[in-house]
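A short write-up of the structure that comes next.
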2 protein chains.
Amino acid sequence: MDATFRAISDPSRRAILDLLAEGERSVSDLLGFFTFSQPALSQHLKVLRDAGLVLSKPVGRQRQYALNAEGLRSVADWVRAYERFWTEKLDGLGAVLDREAAKEREIKP
Amino acid sequence: MDATFRAISDPSRRAILDLLAEGERSVSDLLGFFTFSQPALSQHLKVLRDAGLVLSKPVGRQRQYALNAEGLRSVADWVRAYERFWTEKLDGLGAVLDREAAKEREIKP
DNA sequence: TTGACGTATAAGACGTGGCTTATATGGTGG
DNA sequence: CCACCATATAAGCCACGTCTTATACGTCAA
């Protein structure tokens, strides 16, 4: 989960995911959308691979990348806990909330 | 939007938001949940303030912090574009997708 | 008024992230 | 076979992020 949030913190990596949401692409294809260098792109792709957000496979001397949207469930699940605030009036800001959102008292990083 | 994604990339900051989702808290109250120093917490809170994810107000010599969940809409909106993949079979990975997700061809970081 | 409290800010240390150029490695086609 | 292509990896640089200790500043209570 941490790896996922870190992966999507970068705007270029979010853009890569957006592109792959339209369909598989090769590295050189993806490179056409950015101005940074090819190795920079490879590094971004590695972060996304390691976070489980993309899948890659060799196709000849190219490499195809595909989105693994399952990896984004943890993000959606986390942010879903905040949706209730958007449907209620914001004067509930100080209100004591549903126990579903209860967390452990001690958070150890 | 970038500031928001960067703010939530850190697990401690996500934990702060989770705590504030239950209700307003003072800085010293929040500090009780973490092992890092008070100035570290102040820095995290500043990141969250600057990203518009929390609101603060002085209450005597204390400072109350409250969640501003509106700031998380951009995250939810972004990840919502990926929900369609979870309801479909993953054999659609290579499929050409809805034009709603279309982006500009050139992405300038 | 003064000392204590609560918290923001300053400054420093150091690890990390994101970029670069260079190079290694595997695949292709003439 | 060899030159070219595509991309991953290596190594370096430097800005930034996150921590720390020290201190400044505003508020409170005796």
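Letters go in sequence order (proteins before strands), and every chain restarts at 1. Please read these numbers as outputs of a predicted model, since none were measured by experiment.
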Practice task
Could you check B/K57 against B/E24 for salt bridge (Lys or Arg N to Asp or Glu O under 4.0 Å), going step by step and ending with a plain yes or no?
Solution key: CA-CA 10 Å; B/K57 63 185 174 184; B/E24 290 184 9; 3.7 Å; yes

Problem - salt bridge (Lys or Arg N to Asp or Glu O under 4.0 Å) assessment of A/D50 paired with A/K46 - result: CA-CA 6 Å; A/D50 292 348; A/K46 183 175 192 304; 2.7 Å; yes

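For the pair B/L45 CG and C/dT9 P, the interatomic distance rounds to 11 Å; values are reported in whole Å. One can place CG of B/D29 at 18 Å from P of C/dC5, the figure rounded to the nearest angstrom. In this structure, A/D50 places its CG atom 12 Å from P of D/dA8, rounding to the nearest Å. Distance A/L31 CG to D/dA8 P: 11 Å, rounded to the nearest Å. Distance B/Q43 CD to D/dA22 C1': 13 Å, rounded to the nearest Å. One interatomic measurement links the two molecules: CG of B/D2 to P of D/dC16, which rounds to 14 Å at whole-angstrom precision. In this structure, NZ of B/K46 is placed 7 Å from P of C/dT9, rounded to the nearest angstrom. Separating the CG atom of B/L41 from the C1' atom of C/dT9 is a distance of 14 Å, rounded to the nearest angstrom.
Between A/Y65 and D/dA8 there is a side-chain N or O to OP1 or OP2 distance below 4.0 Å. At D/dT20, one or more side-chain N or O atoms of B/S37 fall inside 4.0 Å of OP1 or OP2 (strictly under the cut-off). OP1 or OP2 of D/dC19 sits under 4.0 Å from a side-chain N or O of B/H44. Using a 4.0 Å cut-off, no side-chain N or O of B/R6 falls inside it from OP1 or OP2 of D/dC16. Distances shown here put every side-chain N or O of A/S28 at or beyond 4.0 Å from the OP1 or OP2 atom of D/dC5.
Between the side chain of A/Q38 and the base of D/dA8, a donor-acceptor pair under 3.5 Å is found.
Nearest heavy-atom pair, A/F36 versus A/A40, reported as atom, atom and distance to 0.1 Å: CD1-CB, 3.8 Å. Minimum interatomic distance between A/R63 and A/S56 (heavy atoms only, all atoms of both residues): NE-OG, 3.4 Å. For the pair A/R13 and A/A7, the tightest heavy-atom approach, listed with the atom from each and the gap, is NE-O, 2.8 Å.
Across all strands, A/P39 comes closer than 4.0 Å to base atoms (heavy-atom distances).
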Practice task
If a protein heavy atom is under 4.0 Å from the base, mark B; if only from the sugar-phosphate, S; if neither, -; do that for nucleotides 24-30 of chain D going 5' to 3'.
Solution key: --BBB--

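Set against C/dG18, D/dT20, D/dA8, the side chain of B/F36 has D/dT20 as its closest nucleotide.
Side-chain contact between B/D18 and A/Y82 is present, with at least one heavy-atom pair separated by less than 4.5 Å.
Ring geometry for B/W78 against B/F5 counts as perpendicular: the plane angle is over 60°, on a 0 to 90° scale with 30° as the lower cut.
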